[in-house]
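Beneath this line is the structure, given in structure tokens, with notes to follow.
Here is the naming used below: chain letters follow the sequence lines, and residue numbers restart at 1 for every chain.
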Protein chains: 2
Amino acid sequence: MSMEESAYVRPTFTKLPFDKKERILDVAIDEFSRCGYEKASINRMVGRLGIAKGSIFQYFGSKKNLYFHIFEHAVALVKRSLKRVKAGTEGEDFFIRLAKSLQAGIYFIRRYPRIYQIYLKMLFQEDFPFRADLLKTIRLFSIDYLRPIIEEGVADGQLREDLDPELAAFFLDAVLDRFLQAYCVAYMDSGLGLYQADEKAIEARIKDCIEMVRLGMAAGGPPASESVAKSMEHRA
Amino acid sequence: MSMEESAYVRPTFTKLPFDKKERILDVAIDEFSRCGYEKASINRMVGRLGIAKGSIFQYFGSKKNLYFHIFEHAVALVKRSLKRVKAGTEGEDFFIRLAKSLQAGIYFIRRYPRIYQIYLKMLFQEDFPFRADLLKTIRLFSIDYLRPIIEEGVADGQLREDLDPELAAFFLDAVLDRFLQAYCVAYMDSGLGLYQADEKAIEARIKDCIEMVRLGMAAGGPPASESVAKSMEHRA
DNA sequence: CGATAAAATGACCAGGTGGTCATAATAGGG
DNA sequence: CCCTATTATGACCACCTGGTCATTTTATCG
């Protein structure tokens with residue numbers, strides 16, 4: 001996870017001792033996650049860091065570059081996390097994979113809550129340039145992640161064979177994303193109690209949600225299965 | 001749709017000629033929708049309006065009040081729109097109601113695109129106070145809207161009787177919301193082509209999505225129905 | 001008309017912003 | 001130890017912000 005060769009960092013920063021680099025990025029991430037891009041203040045950062053303001057501009061050139069560098073870092077973390085889940089669930093049942101992917105999302109947010117905050121705050125602030133690029137990268141990756149899993153599910157006969165993979169990807173993206181949002185933003189959970197819920201509650205709700213994805217809401221379908229619940233128990 | 005008695009408006013503004021009031025609110029809505037709350041500039045507004053800066057503060061007291069007033073207005077519009085759809089689909093099939101609700105959302109956004117933008121930009125910028133209140137109002141209303149419809153669907157036997165209404169509300173909220181977001185924010189549609197799509201495409205995709213909500217994704221369920229498609233044709 | 005009340009105005013304010021750059025401190029090499 | 005190149009520094013800049021308020025303009029009414 002080296003960030004040395006980032007396009008947004010000047011060599012001066014690269015040569016810094018590791019600890020100092022980490023501290024700087026940590027404070028910057030904290031500031032951006034708390035305030036969003038616009039309200040984040042370089043003055044406040046250097047105040048907390050105890051370094052000169054000029055140094056930040058020596059390291060990154062501009063506020064925007066600093067933000068992009070952090071974003072780049074964040075994207076790398078997400079990609080790595082998704083890759084691991086994908087590889088770690090290869091060949092498993094489609095709905096199990098789905099449940100584990102969602103669970104992994106929750107873990108990621110627990111581990112890097114500030115990074116998820118930064119992402120959320122950027123989501124609908126289309127004003128600043130490159131948002132399109134940033135968003136494109138993330139969303140496209142989410143599709144690149146889901147599509148193959150869906151297609152495998154169809155190939156294996158777990159999903160209806162007439163399933164439109166694009167529609168399914170959109171649908172799953174919607175539900176998974178909202179689940180994560182509900183977990184860490186108040187009033188997004190429609191009273192389900194997802195907001196900052198504990199492990200147990202999350203696990204149960206993931207199971208419920210996946211069941212609903214599986215069977216839909218209409219009456220007259222097949223009965224609810226127990227497979228997701230069973231397989232999730234193992235990893236707690 | 002009178003806004004006269006708003007808590008955020010001073011009498012001086014109320015007494016203004018209707019046209020001037022409209023123009024002021026129009027410019028303010030435009031500014032907030034483009035820039036979000038933080039970046040929106042009172043200077044720019046009065047520049048475009050050709051009035052003195054002091055006047056805005058005479059009318060609203062503060063930037064925040066102006067924003068709240070507009071938000072209040074927006075919430076009223078949404079409530080009205082939802083009420084109409086609900087009343088206008090009373091007694092119809094659950095999934096038809098769902099499709100029509102989503103369609104109504106699209107109409108609303110087409111008619112008031114800037115208001116939806118304001119809402120989106122506020123969504124995850126939790127910095128400024130009262131965001132909690134604003135969000136609470138909107139989300140709770142969304143639940144108040146969906147819950148009864150779901151319960152009627154269960155009572156009528158269209159939905160599985162063991163359906164958890166809270167979970168269903170969350171689930172539908174997730175899908176409907178994302179559908180609207182994908183319609184008006186780039187890269188949110190997972191390649192489905194929803195972004196600024198035309199009437200025909202939207203209608204088709206609504207149908208597809210509702211079918212997926214109905215039947216789920218698993219193989220072996222009942223075949224897709226034609227009822228939603230048929231009933232939607234009538235209103236085009 | 002004149003007097004009074006109400007509304008519009010814009011110069012002005014303090015505070016904050018991202019960003020700069022001459023200068024000072026430090027590090028590295030001979 | 002000195003000289004040079006690199007890095008750190010913070011005073012300073014122009015700019016913009018939301019907000020104020022004394023003053024002027026406009027409307028109201030007798």
Worksheet item: Taking atom C1' of C:dA7 as reference, at what distance in whole Å does atom NZ of B:K15 sit?
Response: 9 Å
Fill in: side-chain N/O A:T12 vs D:dT7 OP1/OP2, d < 4.0 Å
yes
Worksheet item: Between D:dT9 and A:S55, is there an OP1 or OP2 to side-chain N/O distance shorter than 4.0 Å?
Response: yes
Worksheet item: B:Q58 CD to D:dT24 P: how many Å, rounded?
Response: 17 Å
Item to complete: Starting from C1' on C:dT17, measure out to NZ on A:K39 and report it in whole angstrom.
Response: 13 Å
Discussion item. Is the phosphate of D:dA8 approached by A:K20 (side-chain N or O, under 4.0 Å from OP1 or OP2)?
Written reply: yes
Worksheet item: For B:E38 and C:dT17, what is the distance between atoms CD and P respectively, to the nearest whole Å?
Response: 12 Å
Worksheet item: Which nucleotide in the list D:dG18, C:dT9, D:dA8 gets nearest to the side chain of B:A52?
Response: C:dT9
Practice prompt. For A:K64 and C:dG19, give me the distance from atom NZ to atom P, rounded to whole Å.
Written response: 8 Å
Practice prompt. Output yes when at least one side-chain N/O atom of A:K53 is less than 4.0 Å from OP1 or OP2 of C:dG18, else no.
Written response: no
Discussion item. Nearest to the B:S62 side chain among D:dA8, D:dG19, C:dG18, which nucleotide is it?
Written reply: D:dG19
Worksheet entry | B:Y59 vs C:dA7: side-chain N/O to OP1/OP2 distance below 4.0 Å | no
Discussion item. Filter on ring-ring contact (aromatic ring centres under 6.0 Å, His included), then keep only pairs touching residues 165-184 of chain B, sequence neighbours left out; what's left?
Written reply: A:F171-B:F171
Item to complete: Could you check whether B:L16 gets within reach of a base, just the sugar-phosphate, or nothing at all, counting any heavy atom under 4.0 Å?
Response: sugar-phosphate
Worksheet item: Do B:Y116 and B:Y112 make the cut of ring centroids closer than 6.0 angstrom?
Response: no
Response to the item:
Separation of D:dG18 atom P from B:I42 atom CD1, nearest Å, is 5 Å
Worksheet item: Distance check: side-chain N/O of A:K63 vs OP1/OP2 of C:dG18, anything under 4.0 Å?
Response: yes
Worksheet item: In terms of side-chain heavy atoms, does B:S81 have a donor or acceptor partner in B:Y107 at a distance below 3.5 Å?
Response: no
Discussion item. Can you measure B:I51 atom CD1 to D:dT25 atom P for me and round it to whole angstrom units?
Written reply: 18 Å
Discussion item. Looking only at side-chain N and O atoms, does A:R97 offer a donor or acceptor that is under 3.5 Å from a partner on A:T89?
Written reply: yes
Discussion item. Distance check needed: D:dT7 C1' versus A:I24 CD1, whole Å only.
Written reply: 12 Å
Pairs of donor and acceptor atoms involving the side chains of residues 54-61 of chain B, under 3.5 Å and at least two apart or interchain, shall be tabulated with distances.
none

Practice prompt. Just call it for B:L66: base, sugar-phosphate, or nothing, with non-hydrogen atoms closer than 4.0 Å on any strand.
Written response: nothing
